[in-house]
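In what follows, a single structure is set out as structure tokens and then discussed.
Letters go in sequence order (proteins before strands), and every chain restarts at 1.
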Amino acid sequence: MSDALNTFEASRAEKLQRLKELQIDPWGGRFDDHRPIREIRALDPEAEPPHQVRAAGRILQRRVQGKVHFVDIWDWTGRIQVYLGQKQIGELGWKITQNLDLGDLIGVDGILKKTRTGELTIFADKLTFLTKSLEPHPDKWGGMQDIEYRLRHRYLDLIYTPETLDRALKRVKIIRTIRNFLDNEGYLEVETPVLHAIAGGAAARPFVTHHNALNIQLYQRIALELHLKRLLVGGLEKVYEIGRVFRNEGISPKHNPEFTMLELYQAYGDYHTMMDLTENLIVAVVRELLPDANAPLKLPYGQGEIDFTPPWQRASYAELFQQHIGVAMDDRVGVEQAARKHGIVTTGKDHDVLVHELFEECVEDKLQGPVFVYDYPAGLCPLTKRKRDAEHIAERFELYIQGMELANAYTELNDPITQEQTFRTQLAGLPEEESMARMDEDFVRALRYGMPPAGGLGIGIDRLVMLLTNTQTIRDVILFPLLRPEK
RNA sequence: GGAGGCGUAGCUCAGUCGGUAGAGCAACGGACUUUUAAUCCGUUGGUCGUGGGUUCGAGUCCCACCGCCUUCACCA
């Protein structure tokens with residue numbers, strides 16, 4: 001602790017003590033019937049008699065003018081000026097006023113009028129102290145600039161960086177819209193386990209944990225897929241879950257170790273069903289974020305904007321491959337040559353692995369979208385049904401927007417015999433932890449009882465929120481992203 | 001993991017060629033009953049990320065480490 005901090009703390013602690021001496025509880029208590037500041041701001045300041053209002057909020061600014069203090073208080077709906085005059089506020093109120101600091105929480109009762117400079121103001125006749133802030137708050141003008149400081153003090157970031165609160169509120173709105181949409185479509189929201197004995201449904205390294213009483217190793221889920229499909233077997237024809245998944249991998253502007261996935265499954269559908277659904281779902285969400293129903297379906301992103309006007313482009317994996325790489329994806333010799341040209345190590349790698357490495361290298365960034373890329377090399381898709389007339393192609397699509405994979409969908413593989421084989425097939429060129437060749441016998445057994453043919457869809461909610469709120473880093477759409485602990 | 005950048009007061013930031021550590025806001029004292037980043041007068045506040053090294057002298061140069069950011073790798 002530096003001396004400076006001690007000075008700040010001492011000053012605030014001293015005021016805390018003075019409040020106690022005034023018989024004021026510096027930690028406040030119940031304060032009923034205060035109105036959101038946004039509502040108060042909507043009232044008519046010219047009304048006769050003036051509106052009597054009660055507000056509660058945090059002091060963000062103060063202008064002291066002798067026997068009058070002007071303080072700006074803030075709540076999560078807005079900010080308003082409060083006039084605290086020595087005569088108007090009463091003897092005790094004036095003593096409290098002497099001991100206010102920036103960052104304290106107060107409640108005020110008073111009338112709503114404009115000052116002579118036209119500022120909407122609560123002229124307080126009663127001041128209720130609600131909570132002391134013992135720490136100094138960020139600069140009232142400079143705000144918070146240091147990224148690490150913002151992340152480690154997200155509670156302050158919500159107060160002092162308006163965009164942070166705005167994104168948090170939009171995220172809630174986006175997820176609520178998704179739920180409303182799916183509920184209206186007849187989907188059932190379910191909850192499946194987070195702790196898995198086998199971390200299946202995706203290719204990712206899991207977090208490992210341990211259950212003491214059973215003395216077994218458990219994994220935190222890396223996907224929702226396999227349990228939701230078990231529910232299809234159980235006759236729940238349309239199910240979804242919005243849940244947290246955990247992947248023990250790198251952190252980047254597009255990756256957080258825990259993130260939120262939407263997965264949904266529809267019996268008797270296929271990947272084309274899912275394409276239509278995805279488009280309708282996201283368009284519904286975009287509409288909720290637009291100012292009015294007639295606004296064009298466009299949202300700003302980075303330097304440009306994203307046009308969500310349907311119908312979205314639909315392009316096959318093979319045609320994009322041909323277009324951007326210049327060879328057919330089933331041309332084994334051509335693919336190998338192209339891979340080497342791009343510096344990709346080819347020895348010992350499966351053809352489908354090479355194809356996809358090339359695709360990621362040369363095509364993904366260019367997919368500004370929204371564009372549905374469909375019909376993937378089957379080797380990469382062990383949970384996907386193969387095309388009836390082309391065994392090497394899987395009925396899968398991914399939705400790309402701004403070069404980001406946003407959604408991933410299949411016609412689900414419901415053939416237990418093929419499923420068992422693909423679980424056992426270790427693709428050459430993929431390290432074990434990246435492989436989906438993890439046998440889940442219980443899941444295969446479920447398929448053996450008969451899973452209806454189905455379409456399934458996964459959407460990365462965090463990335464969707466990024467795209468819809470013009471946010472460049474996943475850490476700003478997650479309130480508390482993972483940080484290295486302070487020592 | 002590789003490469004590059006950054007780390008100075010509570011917050012936001014300067015700090016030139018290596019020569020006594022700076023500003024605004026905040027805080028403290030004073031004036032002020034309609035201010036708007038209020039103003040005015042005065043004051044306090046520093047392990048310059050940490051540890052070494054070079055030097056008469058290091059915030060500044062060198063090395064190592066820590067943290068953050070960017071980028072690459074990784075993330076089917």
Side-chain angles (χ1 to χ4, degrees), chain A residues 1-12 14-15 60-72 79 81-89 94 97 101-103 113-121 123 133-153 156 160 202-205 222-223 247-257 259 343 349-350 352-357 359-361 364 376-384 394 396 398 404-405 408 427 429-431 433-437 460 472-475 483-487:
Chain A
M1 286 291 164
S2 70
D3 291 343
L5 193 55
N6 282 336
T7 304
F8 283 107
E9 283 183 346
S11 158
R12 285 170 185 257
E14 195 180 310
K15 287 174 186 161
L60 297 195
Q61 280 192 45
R62 176 173 46 172
R63 293 170 293 282
V64 177
Q65 176 125 18
K67 298 185 176 63
V68 170
H69 291 205
F70 294 91
V71 299
D72 293 348
R79 193 193 256 250
Q81 174 169 270
V82 176
Y83 178 107
L84 299 168
Q86 181 178 24
K87 275 186 188 159
Q88 297 84 346
I89 202 65
W94 187 241
T97 301
D101 279 310
L102 296 182
K113 288 200 301 190
K114 282 188 174 176
T115 62
R116 72 180 179 198
T117 54
E119 181 75 18
L120 190 66
T121 302
F123 289 82
S133 170
L134 290 177
E135 295 284 342
H137 284 235
D139 186 83
K140 68 187 180 188
W141 191 244
M144 302 170 76
Q145 298 300 322
D146 182 68
I147 291 168
E148 186 181 1
Y149 184 81
R150 284 179 45 215
L151 293 176
R152 291 196 191 277
H153 303 79
L156 294 178
Y160 295 96
R205 296 166 66 185
I222 57 173
R247 297 188 180 178
N248 202 342
E249 284 159 2
I251 295 174
S252 85
K254 289 178 184 172
H255 301 86
N256 193 64
F259 60 100
K349 280 186 186 164
D350 188 276
D352 284 352
V353 173
L354 277 187
V355 166
H356 200 61
E357 286 186 17
F359 187 87
E360 289 184 318
E361 173 77 19
E364 279 193 351
Y376 274 63
L380 301 165
C381 315
L383 296 160
T384 312
R396 170 188 185 183
E398 290 204 351
M404 268 201 293
E405 311 167 32
N408 183 17
L427 277 194
L430 280 178
E433 67 266 17
E434 286 175 22
S435 171
M436 287 184 36
Q472 317 301 321
T473 165
I474 197 168
R475 297 181 131 192
L483 295 175
R484 189 181 293 276
E486 290 176 277
K487 47 175 183 199

Please report the interatomic distance [atom1]([X]) to [atom2]([Y]), rounded to the nearest 0.5 Å.
X	Y	atom1	atom2	answer
A/Arg484	A/Arg152	CZ	CZ	9.5 Å
A/Phe123	A/Gln81	CZ	CD	7.5 Å
A/Thr97	A/Gln86	OG1	CD	9.5 Å
A/Thr384	A/Asn408	OG1	CG	7.5 Å
A/Arg475	A/Asn256	CZ	CG	7.0 Å
A/Glu361	A/Leu354	CD	CG	12.5 Å

Nearest whole Å is fine: how far is [N] [atom2] from [X] [atom1]?
X	N	atom1	atom2	result
A/Met404	B/A76	CE	C1'	18 Å
A/Leu60	B/C11	CG	P	17 Å
A/Ile147	B/G7	CD1	C1'	13 Å
A/Arg152	B/C69	CZ	P	9 Å
A/Leu383	B/A76	CG	P	13 Å

Complementary nucleotide of [N], counting Watson-Crick and G-U pairs under 3.5 Å:
N	value
B/C65	B/G49
B/U12	B/A23
B/G18	none
B/C28	B/G42
B/U35	none
B/A73	none

Rounded to whole angstrom, note down the [atom1] distance from [N] over to [M].
N	M	atom1	answer
B/G10	B/G19	P	25 Å
B/A21	B/C48	C1'	8 Å
B/U35	B/U39	P	13 Å
B/G46	B/A14	C1'	15 Å
B/U12	B/A76	C1'	44 Å
B/U44	B/A3	P	47 Å
B/C41	B/A23	P	15 Å
B/G7	B/G49	C1'	6 Å

Any donor-acceptor pair, under 3.5 Å, between the side chain of [X] and the base of [N], if you only look at N and O atoms?
X	N	value
A/Gln81	B/U35	yes
A/Thr117	B/U34	no
A/Thr121	B/U34	no
A/Arg116	B/U34	no

Side chains of [X] and [Y] in contact at under 4.5 Å (non-hydrogen atoms):
X	Y	answer
A/Phe259	A/Lys254	no
A/Tyr160	A/His137	yes
A/Lys87	A/Lys67	no
A/Tyr83	A/Lys113	no

Using atom names, set out every protein N or O paired with an N or O of nucleotides 26-29 of chain B below 3.5 Å, distance rounded to 0.1 Å.
unit_1	atom_1	unit_2	atom_2	d
B/A26	OP1	A/Lys140	NZ	2.7
B/A27	OP1	A/Arg62	NH2	2.5
B/A27	O3'	A/Ser11	OG	3.1
B/C28	OP1	A/Ser11	OG	3.1
B/C28	OP1	A/Lys15	NZ	2.5

Nearest-neighbour nucleotide for the [X] side chain, [options] considered:
X	options	result
A/Pro253	B/C11, B/U71, B/U36	B/U71
A/Glu360	B/A76, B/G67, B/U71	B/A76
A/Leu151	B/U35, B/C11, B/C69	B/C69
A/Trp141	B/C68, B/A38, B/A37	B/A37
A/Pro138	B/U35, B/C68, B/C11	B/C11

Touch class at under 4.0 angstrom, heavy-atom based, for [X] against every strand present:
X	answer
A/Phe123	base
A/Gln65	base
A/Asp72	nothing
A/Lys254	nothing
A/Tyr83	base
A/Arg475	sugar-phosphate
A/Gln145	sugar-phosphate

Checklist entry - Hey, is the side chain of A/Arg63 poking within less than 4.0 Å of OP1 or OP2 on B/A38, counting only N and O atoms? => result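 So the side chain of A/Arg63 is within the cut-off, an N or O lying under 4.0 Å from OP1 or OP2 of B/A38.
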Item to check | Toward the 5' end of RNA chain B, by each residue's nearest nucleotide, A/Asn408 or A/Val64 | outcome: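 Counting from the 5' end, the first nearest nucleotide belongs to A/Val64.
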